[in-house]
Amino acid sequence: MLSHIPIADIRARKVIDSRGNFTVEATVDLEYSTGICSSPSGASTGATEMQAFPKGGPDESIKFFEKNLKNKLIGFNSLDQQGLDTLIRELDGSEYLSNLGGNMATAISVANAKAVAQALDIPLYRYVGGMFSRSLPKPMGNVIGGGRHSRNGTTIQEFLVSTQGKTFMESAYLNTRVHRRIGELLSDKLKGVSVGVGDERAWTASIDDLEAVEIIKQATKELSNEHKVKILMGVDFAATEFFKDGKYHYKKEVKSRDQQIDFAASFTNELGFYFNEDPIEDTDFEGFAEVTKKVGKKGVIVGDDIYTTNPKRLKKGIELKSTSGILIKVNQIGTLSSTVETVKLATEAGMSRTVSHRSGETTDDFIAHLSVAFGAEFIKTGTIGGERLAKLNELIRIEEDFL
Ligand code: PGA
Ligand code: ZN
């Protein structure tokens with residue numbers, strides 16, 4: 001029986017991400033297979049997520065790997081993913097992976113799983129998800145953006161759409177049509193002046209949040225009628241980013257905590273946004289719970305920065321009924337094993353799962369596989385742009401396995 005495949009070699013390098021910054025990539029060689037993984041980076045990072053890089057950046061991360069991990073990982077049994085991930089954490093020796101960097105830990109962890117999947121001659125989603133994984137997520141892509149992802153956009157970080165088509169391909173394609181239509185509507189409204197694109201290829205313009213709501217409503221209605229398909233709307237407030245001195249600071253007004261709770265709930269209850277992420281700053285678990293209660297089954301309140309894919313934080317959120325959904329980003333927690341632990345907790349609690357990209361992405365497609373492995377309701381990974389399409393097009397390929 002196959003129970004031991006030692007790691008033959010591991011190499012680490014710098015590669016360039018979609019923002020033009022360096023990130024890290026790892027290659028794991030087994031006897032007859034290889035896995036490569038590069039990690040993305042966030043801009044609106046949660047306070048409790050792993051530190052992406054040590055203080056000295058990607059170079060320092062690689063140095064630490066060469067000196068303290070490489071020789072100890074070579075020879076380790078690649079089939080023992082949990083053991084490998086525990087060893088990576090031990091060798092780093094810090095709570096937030098601040099010596100090795102969460103991005104390097106992620107790259108090694110996922111590259112190892114990819115190498116094993118290739119050795120077993122099965123797709124990564126099947127290796128991680130097991131024999132029963134066969135549901136595909138729906139694509140959730142941002143069409144208008146602001147916050148930390150652009151200079152002149154809306155206060156709310158992301159306005160999103162998710163076409164509920166019969167196939168993944170149809171849904172992903174129609175999301176791009178909505179994106180295009182929104183570009184036209186924005187150009188008409190602003191006569192082409194200062195319409196740009198943000199880090200994740202969503203349109204950015206000097207409009208306020210409620211103007212963005214009107215535009216996204218119009219575009220989804222048009223495309224939905226034309227193609228006779230349901231198109232869900234979503235938002236990611238990324239509320240921590242504009243929370244200061246106990247208040248929420250929008251372009252033209254300041255909201256108290258109670259006003260923010262009502263405003264956030266109204267996005268789902270009155271404006272019809274099904275997906276509603278990080279509507280409250282990330283330390284206020286009770287505030288989240290109030291929004292979740294007000295919204296009930298009308299939509300899903302999704303926790304990103306509040307949980308940072310951390311099982312301990314999620315446990316607290318489950319106890320306090322803070323959210324009905326969770327965003328999953330591997331490099332927030334640093335290893336595949338910890339990510340799986342969080343996903344299991346969320347699944348057992350009946351929470352909706354969304355596997356997500358980061359604003360600074362690479363062309364790696366591993367999150368496409370994880371979205372299937374985790375039975376995610378959505379994959380949030382933009383609508384256009386090569387680094388986003390790497391994931392969407394991989395899901396188009398995976399879909400062929402299930403047809
Ligand atoms: P980030 O943002 O990748 O910049 O952290 C994405 C998000 O908040 O969902
Ligand atoms: Zn978010």
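Both backbone and side-chain heavy atoms feed into the values below; hydrogens, waters and symmetry mates do not. Count residues from 1 along the sequence. Both counts, for ligands and for their atoms, begin at 1 and track the order of listing.
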Rounded to the nearest 0.5 Å, what's the gap from OG on Ser324 to CG on Asn276? Could you check?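 So the OG of Ser324 and the CG of Asn276 are separated by 9.0 Å.
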Would you mind checking which non-hydrogen protein atom is closest to atom 5 (O) of ligand 1, with the distance to 0.1 Å?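 Heavy-atom neighbour on the protein nearest atom 5 (O) of ligand 1: Arg358 NH2, 2.8 Å.
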Of all the non-hydrogen atoms in the protein, which one sits nearest to atom 9 (O) of ligand 1, and at what distance?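 Result: Lys380 NZ, 2.9 Å.
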Quick one: name the protein N/O/S atoms under 2.8 Å from the Zn ion (ligand 2), chain by chain. Asp236 OD2, Glu277 OE2, Asp304 OD2
I need the single residue from Asp236, Asp304, Thr354 that forms a side chain to side chain donor-acceptor pair (under 3.5 Å) with Lys380. Which is it? Asp236
Phe22 side chain reached by Ile16 side chain, heavy atoms, under 4.5 Å: yes
Does [X] have its ring centroid less than 6.0 Å away from the ring centroid of [Y]?
X      : Y      : answer
Tyr307 : Phe288 : no
Phe237 : Phe267 : yes
Tyr250 : Phe263 : yes

Close-contact set for ligand 1 against Gly42 heavy atoms, below 4.0 Å: 1 (P), 3 (O), 4 (O), 5 (O)
If you count the atoms of ligand 1 from 1 in the order shown, which ones are under 4.0 Å from a heavy atom of Ala43? 1 (P), 4 (O), 5 (O)
Can you list every salt bridge (Lys or Arg N to Asp or Glu O under 4.0 Å) pair that touches residues 68-94, not counting sequence neighbours?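 Only Asp9-Lys70 qualify under salt bridge (Lys or Arg N to Asp or Glu O under 4.0 Å).
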